Amino acid sequence: IVKIKQFMRIIKKKNQNSLINEFIRIFKKEVFKKKKANKRLSFVLTGGTSPRKLYSRLAKSKIDWSEVDFFWGDERLVSKKSVNSNYKLAYDLLLSKINIDKANIFSIDISKNINNTCLKYQEKIKKYFDNNKVNFDIFLLGMGRDGHIASLFPNSKLLKSKFLVNPIFRDDFKRISLSIDTINNSTKIFLWLNKKSKTKIYEKLKNKGKKIPVNNLKKDKLFCFSIN
């Protein structure tokens, strides 16, 4: 058996503006490819502070958003109006600024019962993919200082579990997250390391094994956007 080494694509730029320019160039290309094939593009958004400038710039870009469907990789169990909401972040900086039908926004409907919230989001995703394999086109991820992605944290048993949507119980917030398995089933994974410090952390974490969530991403699907 010949083992083929998997390589990720590394996009390195000197500053965040140049990195955003490259992201937009690649993203536009993907939207155009889908449109040419008469298909829609499914785009999974991330939360946290890292995509703020990216979302603002995407909102000002000439992109045919009517061909794009939006999802979220994770969410905190908070109101959509909360400053801690990943939905609010994307809505304020991107979705409210572009011409898009509400039907193309597949947000997580938060209820007090976290299991019901997970179940509803899972049903929403399954319906979108006609109960076939869940295969998002682009899955955007940030990375925490500890190497967490979405709401999947170091040493979690969930890193080895196969699920679609799962509740995550943390000291700060209850959360909802898609799995590593679901992320890796995506056509392309865009890892957004928008600061030099983030790039350095990623380099250090790379050799720390699969207990670190970011190290579980499939290399042949991965586009690593970083600052050098």
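Owing to the predicted nature of the structure, the values given are computational and were not obtained by experimental measurement.
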Going from [atom1] on [X] to [atom2] on [Y], what distance comes out if it is rounded to the nearest 0.5 angstrom?
X      : Y      : atom1 : atom2 : result
Lys221 : Arg9   : NZ    : CZ    : 10.5 Å
Cys224 : Lys12  : SG    : NZ    : 8.0 Å
Leu89  : Leu45  : CG    : CG    : 9.0 Å
Gln122 : Ile176 : CD    : CD1   : 12.5 Å
Leu141 : Thr46  : CG    : OG1   : 6.0 Å
Ile24  : Leu54  : CD1   : CG    : 6.5 Å

Within the side chain of [X], is there an N or O that forms a donor-acceptor pair under 3.5 Å with the backbone of [Y]?
X      : Y      : answer
Lys198 : Met143 : yes
Thr117 : Ser111 : yes
Asn113 : Asn116 : yes
Ser85  : Lys88  : yes
Lys124 : Ile108 : no
Asn216 : Lys210 : yes

Next on the checklist: Quick one, Val68 with Val31, criterion side chain to side chain contact (heavy atoms under 4.5 Å, CB included). Give me CA distance, side-chain angles, the key distance, then yes/no.
Outcome noted: CA-CA 7 Å; Val68 180; Val31 174; 4.0 Å; yes
[X]: partners by ring-ring contact (aromatic ring centres under 6.0 Å, His included), with sequence neighbours left out:
X      : result
Phe163 : none
Phe225 : Phe23, Phe190, Trp192
Tyr55  : none

Side-chain heavy-atom pair [X], [Y] within 4.5 angstrom cut-off:
X      : Y      : answer
Ile63  : Leu58  : yes
Ile227 : Leu193 : no
Leu222 : Lys218 : no
Trp65  : Phe70  : yes
Arg57  : Asn21  : yes
Tyr121 : Leu178 : yes
Leu205 : Ile201 : yes
Ile138 : Val44  : no

side-chain contact (heavy atoms from CB on, under 4.5 Å) partners of [X], counting only residues at least two apart:
X      : answer
Asp137 : Lys34, Leu41, Ser42, Thr187
Glu22  : Ile11, Lys13, Arg25, Ile26
Asp181 : Lys162, Ser179, Asn185

All N/O donor-acceptor pairs, side-chain side in residues 126-134, below 3.5 Å, sequence neighbours left out:
residue : atom : partner : partner atom : Å
Tyr128  : OH   : Asp69   : OD2          : 2.7
Asn132  : ND2  : Phe129  : O            : 3.4

Checklist entry - If you look only at pairs with a residue in residues 164-183, which of them pass as a ring pair (Phe, Tyr, Trp, His ring centres under 6.0 Å), with sequence neighbours excluded? => result none
Name every donor-acceptor pair, under 3.5 Å, that has one atom in a side chain of residues 153-161 and the other anywhere in the protein, sequence neighbours excluded.
residue : atom : partner : partner atom : Å
Ser156  : OG   : Leu158  : N            : 3.0
Ser161  : OG   : Lys157  : O            : 3.3

Non-hydrogen atoms of [X] and [Y] that approach each other most closely:
X      : Y      : result
Ala150 : Gly73  : CB-O, 4.0 Å
Pro167 : Asn115 : CG-OD1, 3.7 Å
Lys97  : Ala59  : CB-CB, 3.8 Å
Asn166 : Cys118 : C-SG, 3.6 Å
Gly47  : Pro51  : O-CD, 3.4 Å
Gly142 : Ser50  : CA-OG, 4.0 Å

Item to check | Passing candidate, ring-ring contact (aromatic ring centres under 6.0 Å, His included) with Phe106, options Tyr87, Phe71, Trp72 | outcome: Phe71
Next on the checklist: side chain to side chain contact (heavy atoms under 4.5 Å, CB included) for Asn86 and Arg76? Distances and angles first, verdict last.
Outcome noted: CA-CA 7 Å; Asn86 289 344; Arg76 299 176 182 95; 3.4 Å; yes
Item to check | NZ (Lys206) with more than 12 external heavy atoms under 6.0 Å | outcome: yes
Item to check | Partner residues of Lys120 under the side-chain hydrogen bond (donor to acceptor under 3.5 Å, both in side chains) criterion, sequence neighbours left out | outcome: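 Expected list: none.
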Checklist entry - Ser66: what forms a side-chain hydrogen bond (donor to acceptor under 3.5 Å, both in side chains) with it, not counting sequence neighbours? => result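 Partners of Ser66 under the side-chain hydrogen bond (donor to acceptor under 3.5 Å, both in side chains) test: Asp64.
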Item to check | salt bridge (Lys or Arg N to Asp or Glu O under 4.0 Å) partners for Glu67, two or more places apart | outcome: none
Hphob cluster co-occupancy, [X] + [Y], side-chain heavy atoms under 4.5 angstrom:
X      : Y     : result
Phe139 : Ile10 : yes
Phe223 : Phe32 : no
Val165 : Val78 : no

Exercise: do [X] and [Y] side chains pair donor with acceptor under 3.5 Å:
X      : Y     : value
Ser177 : Asp74 : no
Ser18  : Asn15 : yes
Asn194 : Arg52 : no

Checklist entry - Between Arg40 and Asn104, is a side chain to side chain contact (heavy atoms under 4.5 Å, CB included) present by the stated rule, with each step listed? => result CA-CA 10 Å; Arg40 304 185 60 74; Asn104 302 352; 3.1 Å; yes
Decide, yes or no, whether a salt bridge links [X] with [Y] under the criterion of side-chain N to carboxylate O below 4.0 Å.
X      : Y      : answer
Asp109 : Lys80  : yes
Glu30  : Lys188 : yes
Lys200 : Glu203 : no

Next on the checklist: Just checking Phe43 against Phe27, ring centres under 6.0 Å apart?
Outcome noted: yes
